[in-house]
Amino acid sequence: MIGRILITCGALALASGAVAQTATNAGAHNPAVKNSSAAHVAAPAVGANSFTAAQARGRFAKAGYKVAGLAKDKDGVWRGKATHAGKSMNVALDYKGNVTTK
């Protein structure tokens with residue numbers, strides 16, 4: 001009888017921990033990059049960027065931009081001059097893979 005009570009209490013404790021962990025992570029404001037598509041956002045996110053220059057060029061190319069003069073700034077954002085549909089513009093790629101134009 002006591003063994004069953006202990007097993008039941010242990011199972012409830014484990015289940016409540018899993019629920020609490022799921023609820024905490026569900027509203028994360030800084031999710032990991034989930035896919036390889038380049039999203040367009042209003043401003044690049046500041047943070048450590050693990051993209052290489054070649055990967056950054058690939059992200060810009062996938063979004064339709066031909067980039068020149070690409071460099072990573074102090075905020076971890078890849079920035080460069082690009083052309084798209086015959087127009088010249090500044091572009092940026094943050095650590096999440098988001099493309100920004102100015």
Side-chain angles (χ1 to χ4, degrees):
M1 180 75 173
I2 293 177
R4 285 185 183 178
I5 292 172
L6 290 175
I7 291 172
T8 303
C9 288
L12 288 173
L14 288 174
S16 65
V19 170
Q21 184 177 8
T22 302
T24 303
N25 292 336
H29 296 290
N30 193 9
V33 175
K34 295 181 182 176
N35 60 39
S36 62
S37 64
H40 290 272
V41 295
V46 174
N49 195 321
S50 62
F51 288 111
T52 65
Q55 290 170 327
R57 284 185 195 285
R59 286 286 180 134
F60 286 122
K62 193 169 192 174
Y65 300 96
K66 185 174 180 178
V67 181
L70 190 61
K72 195 185 312 183
D73 70 12
K74 66 178 179 56
D75 294 326
V77 177
W78 284 102
R79 296 187 185 274
K81 297 276 187 188
T83 56
H84 179 68
K87 294 182 180 179
S88 208
M89 63 195 68
N90 294 317
V91 292
L93 177 77
D94 65 19
Y95 73 96
K96 295 180 182 183
N98 297 320
V99 174
T100 307
T101 60
K102 289 185 178 182

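What you see below is based on every heavy atom in this structure, not just the backbone, and it leaves out hydrogens, waters and symmetry mates. Please read all numbers here as calculations on a predicted model, not as lab measurements. Throughout, numbering of the chain's residues begins at 1 and tracks the sequence.
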Using side chain to side chain contact (heavy atoms under 4.5 Å, CB included) as the criterion, list what pairs up with R79, not counting sequence neighbours.
P44, D73, V77, A92, K102

If you round to the nearest 0.5 Å, how far is CG of L93 from CG of L70?
8.0 Å

Least distance between heavy atoms, A48 atom then Y95 atom:
O-CB, 3.2 Å

Please tell me if the side chains of V67 and W78 come closer than 4.5 Å, counting only heavy atoms from C-beta onward.
no

Could you list the donor-acceptor pairs under 3.5 angstrom formed by side chains in residues 83-91, with sequence neighbours left out?
unit_1 : atom_1 : unit_2 : atom_2 : d
H84    : ND1    : G64    : O      : 2.6
N90    : OD1    : K81    : NZ     : 3.1

